[in-house]
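Scroll down for the structure; my scribbles are underneath it.
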Amino acid sequence: MKKYSALTLIMALAFCASQFVQAQANKDAKEAAKYSKEGFEATENKDWDKAVDAFRKAAQLDRKQAPNLVAALQHRGMEYTTQKQFPEAIADFSEALKLKSDDANIYERRAYVEMKTNDFDKALTDYSEAIKLKPNEVRYYLYRSYIYETKGDVKNSMADTEKSLKLDPNNQEAKSRKTRLEARQSAKTPLPPPPATSPRTSPAAAGRP
């Protein structure tokens, strides 16, 4: 009888706990929906600070709201870029990538800002990540080849330029860069050594053995 009572109590507690969890989930979903609505309204007004704040709160309550936060962060990041507030732009793109690490466009946007701040090593890394995600995007190879050329890495710049031309044979930017890189390669090619001259053999002096 006691065992039966204990089992009944455990089942009742489990049921109450599940009901509480469900109620909390419903409450969170309602709160998330409210913040999401605020975020969309702010987006329509291009109030990116308010939009990011609202979507961040929504995403904390409901992970399904994360894509909205990612979009708002990108919009604000692009606005910061336009205003030349580069550290803020990089911070927004970085937060967006934590939520959506498989988005090549975000890597590209962050790389663009990093180029603006002459942080070419980080830009190179971001374009490389973008290429992994979209290996047939000509634009990424063109930008990476530009960075390699700026860093004086003619070999890798040429490799990316060739890849660009393979994907888009009529790309004028890639053609111009290839011509320029070939000229640099020729300038660095050392001249061949002069042919070896054999010393003249002196004839034996007359009368010598």
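Because the structure is predicted, anything quoted here is derived from the model rather than measured.
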Do you know the tightest heavy-atom contact between [X] and [Y]?
| X | Y | value |
| --- | --- | --- |
| Val70 | Ala96 | CG2-O, 4.1 Å |
| Ser36 | Gln65 | OG-OE1, 3.1 Å |
| Lys175 | Pro169 | CE-O, 3.2 Å |
| Ala58 | Ala32 | CB-O, 3.6 Å |
| Ser164 | Ala174 | CB-CB, 4.0 Å |

Whether over 12 other heavy atoms sit under 6.0 Å from [X] [atom1]:
| X | atom1 | result |
| --- | --- | --- |
| Lys116 | NZ | no |
| Tyr146 | OH | no |
| Arg180 | CZ | yes |

Gap separating the [atom1] atom of [X] from the [atom2] atom of [Y], nearest 0.5 angstrom:
| X | Y | atom1 | atom2 | value |
| --- | --- | --- | --- | --- |
| Asn105 | Arg110 | CG | CZ | 13.5 Å |
| Phe93 | Asp103 | CZ | CG | 11.0 Å |
| Lys50 | Trp48 | NZ | CH2 | 13.5 Å |
| Leu73 | Lys100 | CG | NZ | 13.5 Å |
| Ser145 | Leu165 | OG | CG | 9.5 Å |
| Arg56 | Leu99 | CZ | CG | 9.0 Å |

Restricting to pairs with a member in residues 103-133, which pass ring-ring contact (aromatic ring centres under 6.0 Å, His included), not counting sequence neighbours?
Tyr127-Tyr143

Could you list all the salt bridge (charged side-chain N to carboxylate O under 4.0 Å, His left out) pairs where at least one residue sits in residues 77-87, not counting sequence neighbours?
none

Salt bridge (charged side-chain N to carboxylate O under 4.0 Å, His left out) partners of residues 37-46, not counting sequence neighbours, each pair once:
none

Starting from [Y], can I reach [X] by hopping between I/L/V/M/F/W/Y residues whose side chains sit under 4.5 Å apart?
| X | Y | answer |
| --- | --- | --- |
| Ile131 | Leu142 | yes |
| Tyr141 | Met115 | yes |
| Leu61 | Val52 | no |

Checking Lys98 against Glu95 for the salt bridge (charged side-chain N to carboxylate O under 4.0 Å, His left out) test, could you report, in this order, the C-alpha distance in whole Å, the side-chain angles of both residues, the deciding distance, and whether it holds?
CA-CA 5 Å; Lys98 287 179 182 178; Glu95 184 178 352; over 6 Å; no

Do [X] side-chain atoms and [Y] backbone N/O form a donor-acceptor pair below 3.5 Å?
| X | Y | answer |
| --- | --- | --- |
| Ser157 | Asp153 | no |
| Thr81 | Gly77 | yes |
| Glu114 | Ala123 | yes |
| Ser101 | Leu97 | no |
| Asn45 | Asp47 | no |

Under a 4.0 Å threshold between the charged nitrogen and the carboxylate oxygen, would Lys122 count as salt-bridged to Asp126?
no

Check this for me, if you would: do Lys57 and Glu31 make a salt bridge, where the nitrogen-to-carboxylate-oxygen distance has to be below 4.0 angstrom?
no

Can you give the donor-acceptor pairs under 3.5 Å from side chains of residues 133-140 to other protein atoms, not counting sequence neighbours?
from   : atom 1 : to     : atom 2 : distance (Å)
Glu137 : OE2    : Arg139 : N      : 3.4
Glu137 : OE2    : Arg139 : NH1    : 3.3
Arg139 : NE     : Glu108 : OE2    : 2.5
Arg139 : NH2    : Glu108 : OE1    : 3.0
Arg139 : NH2    : Glu108 : OE2    : 3.4

Under 4.5 Å between any side-chain heavy atoms of Met158 and Glu182, yes or no?
yes

How about Leu124 and Arg144: do any of their side-chain heavy atoms sit closer than 4.5 Å?
yes

Partners passing salt bridge (Lys or Arg N to Asp or Glu O under 4.0 Å) against Lys151 (at least two apart in sequence or in another chain):
Asp121

Listed partners of Phe55 passing ring pair (Phe, Tyr, Trp, His ring centres under 6.0 Å), at least two apart:
Phe40

